[in-house]
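Some notes on the structure that comes next.
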Amino acid sequence: MAQSKHGGRKSGQSNKMTALVVDDNMINRTIHHRLLDNLGVENEVVSNGKEAVDIHYSGKMFDLILMDMDMPIMNGIEATKKLRDMGIRSVIAGVSSRAMEEEIREFMEAGLDDYQEKPLTMSKLVSIIHKING
């Protein structure tokens, strides 16, 4: 298989879905990592937007990126814009406790495919994954 519809896989790699968790809060990273594990999704975790951009510069690709909004060094809005500017076609889902409509709109306009309010639950995660498989 050359590439998935969202550009996450290259030939020679397994057909397992891959995800990147981007969150500065260790508890949230752990919860999101375990939810993905429970769904059989291979995943890696990083703690800020710059690390998310850097891991893509190193050549790694993911089917799904779970992106927090508020992080040090580079926030989720900046990181999402940068990833889209780099041509990253992964499904990027914003995951944040922010509920103000203007902040959510700014995050979506940065290039998100989906937005979910924290806490991320199994049903919310399945809804995001359906966007990839859909």
Side-chain angles (χ1 to χ4, degrees):
M1 149 177 200
Q3 266 192 327
S4 75
K5 147 174 131 174
H6 295 285
R9 290 191 249 283
K10 293 180 183 160
S11 59
Q13 293 178 332
S14 77
N15 282 338
K16 210 169 196 189
M17 184 180 291
T18 58
L20 178 65
V21 176
V22 188
D23 200 308
D24 61 317
N25 181 291
M26 188 182 75
I27 294 168
N28 289 330
R29 280 196 311 268
T30 302
I31 290 168
H32 298 169
H33 172 74
R34 287 187 180 153
L35 285 171
L36 288 161
D37 273 353
N38 289 342
L39 289 172
V41 177
E42 287 181 12
N43 65 94
E44 294 187 37
V45 296
V46 295
S47 59
N48 63 61
K50 183 180 183 318
E51 290 177 3
V53 169
D54 288 347
I55 201 169
H56 283 85
Y57 270 130
S58 77
K60 288 209 172 190
M61 299 294 277
F62 302 90
D63 298 302
L64 169 65
I65 302 169
L66 296 178
M67 182 76 71
D68 184 28
M69 186 187 300
D70 296 310
M71 297 177 287
I73 303 173
M74 182 185 289
N75 70 29
I77 294 170
E78 295 171 63
T80 299
K81 284 180 184 172
K82 181 75 174 163
L83 290 169
R84 292 304 189 211
D85 288 346
M86 291 167 58
I88 301 302
R89 303 291 309 137
S90 308
V91 169
I92 304 177
V95 184
S96 180
S97 53
R98 295 292 187 108
M100 290 187 61
E101 207 171 300
E102 191 173 313
E103 291 171 320
I104 295 168
R105 185 172 47 253
E106 183 182 3
F107 204 3
M108 289 297 295
E109 288 171 356
L112 293 183
D113 296 290
D114 194 9
Y115 176 85
Q116 296 290 337
E117 203 169 313
K118 286 181 183 173
L120 189 62
T121 62
M122 188 62 82
S123 62
K124 288 178 183 177
L125 186 53
V126 167
S127 162
I128 296 167
I129 288 172
H130 280 300
K131 289 182 186 297
I132 297 170
N133 295 332

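All residue numbers refer to positions in the sequence shown, counting from 1.
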My understanding is that only residues two or more places apart in sequence, or in another chain, count here; which of them pass side chain to side chain donor-acceptor pair (under 3.5 Å) with T121?
S123

What residues form a side chain to side chain donor-acceptor pair (under 3.5 Å) with R105, not counting sequence neighbours?
none

Across all chains, not counting sequence neighbours, the side chain to side chain contact (heavy atoms under 4.5 Å, CB included) partners of L39 are V41, M122, L125, V126, I129

The reported gap from OG1 in T18 to CZ in F62 (rounded to nearest 0.5 angstrom) is 6.5 Å

What residues, two or more places apart in sequence or in another chain, satisfy ring-ring contact (aromatic ring centres under 6.0 Å, His included) together with H33?
none

Here the gap from D114 atom CG to K131 atom NZ, rounded to the nearest 0.5 Å, amounts to 4.5 Å

Min side-chain heavy-atom separation V21-L36 under 4.5 Å
yes

Picking from N75, V22, I73, I55, what satisfies side chain to side chain contact (heavy atoms under 4.5 Å, CB included) with K50?
I73

Spacing of CE belonging to M71 relative to CG belonging to N25, to within rounding of 0.5 Å:
11.5 Å

Return the minimal non-hydrogen interatomic distance between T80 and M67, and the atom names on each side.
OG1-CG, 3.8 Å

Tell me whether V46 is reachable from M26 by hopping between hydrophobic residues (I, L, V, M, F, W, Y) whose side-chain heavy atoms are closer than 4.5 Å.
no

Tell me, do Q116 and S127 make a side-chain contact under 4.5 Å, heavy atoms counted?
yes

With sequence neighbours left out, what residues match R34 under salt bridge (Lys or Arg N to Asp or Glu O under 4.0 Å)?
none

Those residues at least two apart in sequence (or on a different chain) that pass salt bridge (Lys or Arg N to Asp or Glu O under 4.0 Å) with D37 are none

Return yes if some donor-acceptor pair links the side-chain N/O of S90 with the main-chain N/O of L64 below 3.5 Å, else return no.
no

Would you call I128 and L66 a side-chain contact if the rule is heavy atoms closer than 4.5 Å?
yes

Please give me the minimum heavy-atom distance between A79 and G49, naming the atom from each residue.
CB-CA, 3.5 Å

Pair R84 + D113: basic N to acidic O under 4.0 Å:
yes

Return the set of residues passing salt bridge (Lys or Arg N to Asp or Glu O under 4.0 Å) with E117 (not counting sequence neighbours), or none when no residue passes.
none

Just to verify, what does K82 make a side chain to side chain contact (heavy atoms under 4.5 Å, CB included) with, not counting sequence neighbours?
V53, Y57, M86

Do you know the tightest heavy-atom contact between I77 and F107?
CG1-CD1, 3.6 Å

Identify, with sequence neighbours excluded, every residue that meets side chain to side chain contact (heavy atoms under 4.5 Å, CB included) alongside M100.
E103

Sequence neighbours excluded, which residues qualify as side chain to side chain donor-acceptor pair (under 3.5 Å) partners of E109?
none

Nearest 0.5 Å, please: how far is CD1 in I65 from CD1 in I92?
4.5 Å

Hey, could you give me the CD1/NE2 distance between I88 and H56, rounded to the nearest 0.5 Å?
4.5 Å

Please name all residues satisfying side chain to side chain donor-acceptor pair (under 3.5 Å) with S47, sequence neighbours left out, ordered by chain then number.
E51

If you look only at pairs with a residue in residues 65-81, which of them pass as a salt bridge (Lys or Arg N to Asp or Glu O under 4.0 Å), with sequence neighbours excluded?
D68-K118, D70-R98

